[in-house]
Amino acid sequence: MYIICLKDNEMILAIGNDAITLPNGYPMLKDSNTSFPTEMVDVYEVESVPSEVIPEKYCYTAEQGFYLNPDYVEPDPTNTYGIPDETYHAIIDDYTAELFGGEA
């Protein structure tokens, strides 16, 4: 298996079974047909990935292995619109204020 991590904070961006290097040098996970700029990511080949490990929620380094991302915030389960939670809550607050004629 292959893991693509951000160089800045080791956050896992993607996990896949098969990786290739494109002619421009970018690593690409064949499973998701997604490539990444080499200057931004590290690619690791690992034996297996624990079932609880998901991108963004976990980080990885060869030295530390898999560990929880200390900056991860669990998404709001009521936000089903695919927009950032911050934007979602701003819309809800604005609409509530409009409905009730004041601050939310």
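If you read the sequence from its start, that first residue is 1, and numbering goes on from there.
- Among all heavy-atom pairs drawn from N9 and Y67, the shortest one is O-OH, 4.1 Å.
- Using a 4.5 Å heavy-atom threshold, the side chains of T21 and Y26 count as separate.
- Hydrophobic cluster membership differs between L6 and L68, with clusters built from Ile, Leu, Val, Met, Phe, Trp and Tyr side chains linked at under 4.5 angstrom.
- Checked against side chain to side chain donor-acceptor pair (under 3.5 Å), T87 has no partners two or more places apart in sequence or in another chain.
- Within the model, atoms OG1 of T96 and CD1 of I91 stand 11.5 Å from one another, a figure rounded to the nearest 0.5 Å.
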Show me the side-chain donor-acceptor pairs of residues 41-63 shorter than 3.5 Å, one per line, residues at least two apart or across chains.
residue : atom : partner : partner atom : Å
E45     : OE2  : Y2      : OH           : 3.4
T61     : OG1  : Q64     : N            : 2.9

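- With sequence neighbours excluded, no residue forms a side chain to side chain donor-acceptor pair (under 3.5 Å) with Y72.
- Counting only heavy atoms from C-beta outward, the side chains of N69 and I12 never approach each other to under 4.5 Å.
- Note that CG of L29 and OG1 of T34 are 7.0 Å apart. Values are rounded to the nearest 0.5 Å.
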**Message:** Show, in sequence, the C-alpha distance, side-chain angles and deciding distance for I3 and F66, and conclude whether the side chain to side chain contact (heavy atoms under 4.5 Å, CB included) test is met.
**Reply:** CA-CA 11 Å; I3 300 169; F66 297 98; 3.3 Å; yes
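- The structure places OG1 of T78 at 5.5 Å from NE2 of H89, a figure rounded to the nearest 0.5 Å.
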**Request:** Given side chain to side chain contact (heavy atoms under 4.5 Å, CB included), test F36 with L13 step by step and report yes or no.
**Result:** CA-CA 10 Å; F36 302 87; L13 293 175; 4.1 Å; yes
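- A donor-acceptor distance shorter than 3.5 angstrom exists from the side chain of D31 to the backbone of N17, with no hydrogens or angles considered.
- The environment of E74 atom CD is dense: over 12 non-hydrogen atoms of other residues, nucleotides or ligands sit within 6.0 angstrom.
- Among all heavy-atom pairs drawn from I4 and P27, the shortest one is CD1-CB, 4.3 Å.
- D18 pairs with exactly one of K30, M28, M1 by the side-chain contact (heavy atoms from CB on, under 4.5 Å) rule, that one being K30.
- Going from atom CG of D94 over to atom CG of L99 covers 11.0 Å, rounded to the nearest 0.5 Å.
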